[in-house]
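Note on naming: letters A, B, ... go to the chains in the order of the sequence lines (proteins, then strands), and numbering restarts at 1 for each one. Note: hydrogens, waters and symmetry copies are ignored here, and every other heavy atom, side chains too, is used.
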Number of protein chains: 2
Amino acid sequence: MTEPAETIAERLHAAFDSLTRAERQLADSLLQNYPVSGLGSITLVAKAAGVSTPTVARMVQKLGFTGFPDFQAELRRELEAKISDPITKHDTWVEKAPDAHILNRFTDAVMGNIRQTLTQIDIETFDRACTLLADPGQSVYVVGGRITRSLADYFFMHMQVLRADVTQIQSMSNAWVHYLLDMKPGDVVVIFDVRRYENATLKLAEMAREKGARIILFTDQWRSPVHEFADCTFCGRIVVPSAWDSSVTLMLMLEIVIAEVQEHTWASTRKRMEELEDMFDRTRFFRKFT
Amino acid sequence: MTEPAETIAERLHAAFDSLTRAERQLADSLLQNYPVSGLGSITLVAKAAGVSTPTVARMVQKLGFTGFPDFQAELRRELEAKISDPITKHDTWVEKAPDAHILNRFTDAVMGNIRQTLTQIDIETFDRACTLLADPGQSVYVVGGRITRSLADYFFMHMQVLRADVTQIQSMSNAWVHYLLDMKPGDVVVIFDVRRYENATLKLAEMAREKGARIILFTDQWRSPVHEFADCTFCGRIVVPSAWDSSVTLMLMLEIVIAEVQEHTWASTRKRMEELEDMFDRTRFFRKFT
DNA sequence: ATGATCCTGAAATTATTTCTTCACGAAGGT
DNA sequence: ACCTTCGTGAAGAAATAATTTCAGGATCAT
């Protein structure tokens, strides 16, 4: 039995007058650092409040629950709703569409993925990866798999503007071995590998490692086996209501890395970008206005 | 038994490699809206993760707890510390990093972008675009620009699996005109064009339009001039604290379109995907397990 | 291929929790 | 002062949860 749209805290306050002495003591204890105090066993809750267990059982029944477990389940639900903040647990993104519309369901999942991924990201790993990528003394190689090729491509395109010595490895063909020839110790290899982890990618990682290269890995929550060889691993949540996995969280992390690396390298990147602008001007590639 | 100064989430991550398949599945479930998911009874936790109760008991022991109740008690302590901490303002995504850290600022911006983009999306446009793309009678062409080439690539790769008659146009070279030769009235051209709108892209749109093609445009909030020729336009917010624009919202919309088109075409797509699986099996391209 | 090893969940066992009953004691009315 | 009424917690009963055992099954090395 669970009343809708009313928190247990509110119910406690509402019912406070009709409670007995020991029950008020209990209600007080529950509201004190609510709602965690109510999550232990009935024995613990009773002890914390300084009352007996039957008092607890009686009070939750007074509040309209069938028993203590029922009460506790409701408390957990409430906590869950509170923890996942209102922005991410929005449910309806496109207000004109029903909740069940794919636009809403998908967006909800992606928002959750992002929040999840970001709260669990390791800042030191992030900073380390950015420092590695900003080091002009080392070459950077970028490689992706079947699906992640586009991400690798995106990352490569940006890095190429930011700094010199960036190479994209075509992992599909067998030609990727050629790139290993010029790999020096300390060089940085950025690898993308998500579900349906690829054998070629793993082999490449292993061999690059033997060459003394440092590996930055972008993978999913289950971690590609490349992880064994990687210096920095970024795990993104990728599960969405679709037959495919989502690359959005990985894309987000990529872009943040790009932004941060650019901060590091700004002195030299600035010149590169100006030069690029000049060259674009001469190609009349882009529209001048609008 | 309780280790100090290390959260269970961190321990789960640290131990992830030494966990078995079912245990990883469990760890995953626990980290998903952590830490509330771990607060139910062992039975509930097991069921939520889709594993058996012994698996839960085994894993918490691996993590160094004497048993499930011990594990849960630690989880509650952790939660209490987190709740009572006044700095639990949730506009911070990476809790260990300051608000001003690029990870938080960037994510904040992207979240806002997604929200705004989605609230402004037109459902009819969305549905119309998906219907167009699901029509097996018409050919689909995909074309991107300098930055958006990766997005086009990503979209193409998925569409190619979903249905026949999908072509990626390389807009960089001059060869794109060749593709216009075979374009029939009613064919669908998916165009990506964001800031620094490209002349070649606009020209292509114009000429495709003259051929009677329908155009689906993915652009930014300021709308590429291609919009004039487009049947369906998707505008994504792309502004982030970076020298570059963000492609995350566009990627999100792409993925939703892919998911929805797949719904429409599932009957035929299913066969295609099964065949693809068979062929992959024969190539030994992917790792069989893990 | 084959055997050894390890993982996994069903079932049984054990422990714990939750609920109920009941007797004691306090408060308030007669 | 006595009785009635109600609140309270101790103790036991019932229910539920946690752990252990075990056999089938998957994986890996040979």
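Side-chain nitrogen and oxygen atoms of A:T55 include none within less than 4.0 Å of the OP1 or OP2 phosphate oxygen of D:dG7. For D:dA18, the OP1/OP2 oxygens have no side-chain nitrogen or oxygen of B:T53 closer than 4.0 Å.
Per the geometry, CG belonging to B:L19 stands 17 Å off P belonging to C:dC6, to the nearest Å. Atom CZ of A:R21 is separated from atom C1' of D:dT8 by 8 Å (rounded to the nearest Å). One atom, CD of A:Q72, and another, P of D:dA17, lie 11 Å apart when rounded to the nearest Å. The separation between A:Q61 atom CD and D:dT8 atom P is 15 Å, rounded to whole Å. One atom, CD of A:E23, and another, P of D:dG9, lie 10 Å apart when rounded to the nearest Å. B:I42 places its CD1 atom 10 Å from the P atom of D:dT20, with the value rounded to the nearest Å. Across the protein-nucleic acid pair, A:D70 atom CG and C:dT18 atom P stand 13 Å apart, rounded to whole Å. For the pair B:M59 CE and D:dA18 C1', the computed distance is 15 Å after rounding to whole Å.
B:D17 and A:R223 are joined by a salt bridge, as a carboxylate oxygen and a charged side-chain nitrogen come within less than 4.0 angstrom of each other. Ion pairing of A:E80 with A:R77 is absent here, as no side-chain N (NZ or NE/NH1/NH2) approaches a carboxylate O to less than 4.0 Å.
Within the 4.0 angstrom heavy-atom criterion, no nucleotide atom of any strand lies near B:Q25.
Checking side-chain atoms of B:E255 against main-chain N and O of A:S247 turns up a donor-acceptor pair under 3.5 Å.
The closest side-chain heavy-atom distance from A:V194 to A:L151 is not below 4.5 Å.
Nearest nucleotide to the B:A57 side chain, out of C:dC19, D:dG9, D:dT19: D:dT19. Distances were taken from every side-chain heavy atom of A:P69 (C-beta onward) to each of C:dC19, D:dT19, C:dG9; the shortest belongs to C:dC19.
Closest-nucleotide positions on DNA chain C for A:T43 and A:R58 were compared, and the one nearer the 5' end corresponds to A:T43. Each of A:F68 and B:S52 has a nearest nucleotide on DNA chain C; the 5'-most of these lies closest to B:S52.
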Show me the side-chain donor-acceptor pairs of residues 203-210 of chain A shorter than 3.5 Å, one per line, residues at least two apart or across chains.
from	atom 1	to	atom 2	distance (Å)
A:R209	NH1	A:A213	O	3.2
A:R209	NH1	A:D231	OD1	2.8

